[in-house]
S.K.: 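This is the structure I have questions about; it appears just below.
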Amino acid sequence: MLSNSRLLDKLLTGEYLPILNLVKNDPDLSIEMRIKNQPKVYYKKSLLLTLFPNRKPELLAVGYWKEGIQPILDVNFPESYFDQAKKLVEKHIDVKKNIEFTIQQKITTDNNSLRNQFLVIDMEYQFAQEKVKNRTNGKTRFDLVAIDLKINKIMLLELKQGLGSLSGNAGVDDHFLRYQEHVAHPIFQSALREDVKGIISSKNQLGLWDFNASSLVLQVDQAEIDYAYVFAAHSSAELILYKQQYGEKYTTLYLEVQANNYILKDGI
DNA sequence: CTCCGGCTGTCTGCCCTAAC
DNA sequence: GTTAGGGCAGACAGCCGGAG
């Protein structure tokens, strides 16, 4: 259930319905459920729009348009706002970031059904931090949250793309240590399960999937929690290097960018 | 001289808290 | 239940100084 029924009404039948329909029909836009089931619309990981129950919607951050004009949203005819906002994002984001986020979004859209092993339910997930305060050294976030439908697991996924992001402060080893630190606490696990249930039911209610996810919610209580990397290789040389360095050490799902196939599978 | 790497400030996006 | 303001992490750009 969306805890916020007024916002739900606005999205499903009220003034925000044109926005919901537009986002549903545009594969480049995604809507994610943040804390307290707050819906936010993204384009390549740039936040285009945040919706509130009563307050005016929050638009694209000033950094994207400060040398031009702020795009204006007409909730009844949102097309032109999203067109302008997308163009501003394209102009703003740099190439490297663009590649990573494009891959992330493709993974999300290619794994949004029950037809394959994984169902991606969220991007850039941060858990509710009050519940694990003082229990961990550093906060962290996870690139993707997915359900492994084959064995009913909640998978926290970290996307690695290109060789530059493998070592150092936010590298492969470092991310795994942070995961271990968090998952060791039962409070983290129960909080994650609750968040996952909330995200699934909200998305289900908004009709963002072409299947009914009610039964998935029930499975989540029994689901194990696990962690894996997604390595998106741009060449076979990169793939070989990654496998040599980390392939044995960490569970990894492999994707080949050139193949343009972003359906996640284990055991490759 | 150029090329790094570290340091710092800025910005975005997330959650938290206090207040209504 | 809802909002406004603040803190934190991550990404990035610009600056500086040391190594080659």
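Chain A is the first sequence line, chain B the second, and so forth, proteins listed ahead of strands; every chain is numbered from 1.
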S.K.: Just jot down the ring-ring contact (aromatic ring centres under 6.0 Å, His included) partners of Y250(A), sequence neighbours excluded, or say none.
M.R.: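 In terms of ring-ring contact (aromatic ring centres under 6.0 Å, His included), with neighbours along the sequence ignored, Y250(A) is linked to F176(A), Y229(A).
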
S.K.: Can you tell me if the side-chain N/O atoms of R55(A) get under 4.0 Å from OP1 or OP2 in dA4(C)?
M.R.: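 R55(A) to dA4(C) OP1/OP2: side-chain N or O found under 4.0 Å.
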
S.K.: Listed by chain and number, what are the side chain to side chain donor-acceptor pair (under 3.5 Å) partners of E15(A), not counting sequence neighbours?
M.R.: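 Residues passing side chain to side chain donor-acceptor pair (under 3.5 Å) with E15(A): K10(A).
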
S.K.: Separation of F142(A) atom CZ from dC14(B) atom C1', in whole Å?
M.R.: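 After rounding, the reported distance stands at 14 Å.
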
S.K.: Between dG10(C) atom C1' and L47(A) atom CG, what is the distance in whole Å?
M.R.: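 Result: 16 Å.
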
S.K.: Would you please confirm or rule out a distance under 4.0 Å between OP1 or OP2 of dC14(B) and any side-chain N or O of K40(A)?
M.R.: yes

S.K.: Produce the list of close N/O pairs, under 3.5 Å, pairing protein atoms with atoms of nucleotides 9-11 of chain B; give distances to one decimal.
M.R.:
none

S.K.: Rounded to whole angstrom units, what separation is found between the OH atom of Y42(A) and the C1' atom of dG13(B)?
M.R.: 7 Å

S.K.: How long is the line joining CD of E58(A) and P of dG13(B), in whole Å?
M.R.: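 In whole Å, dG13(B) P and E58(A) CD are 10 Å from each other.
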
S.K.: Are I200(A) and W209(A) packed together at the side-chain level, in the sense that at least one heavy-atom pair is separated by less than 4.5 angstrom?
M.R.: yes

S.K.: Tell me the side chain to side chain donor-acceptor pair (under 3.5 Å) pairs involving residues 215-225 of chain A, sequence neighbours left out?
M.R.: K197(A)-D221(A)

S.K.: With T109(A), which residues qualify under side chain to side chain donor-acceptor pair (under 3.5 Å), at least two apart?
M.R.: none

S.K.: From CD of E194(A) over to C1' of dC15(B), roughly how many Å is that when rounded to an integer?
M.R.: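 Checked: the CD to C1' distance equals 18 Å.
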
S.K.: For E124(A), check salt bridge (Lys or Arg N to Asp or Glu O under 4.0 Å) against everything at least two apart and list the hits.
M.R.: none

S.K.: In whole Å, I'd like the distance from the NZ atom of K160(A) to the P atom of dG10(C).
M.R.: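 Value for this atom pair: 11 Å.
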
S.K.: Could you check how far CG of L51(A) sits from P of dG13(B), rounded to whole Å?
M.R.: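 Checked: the CG to P distance equals 15 Å.
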
S.K.: Whole-Å distance between dT12(B) C1' and L60(A) CG?
M.R.: 11 Å

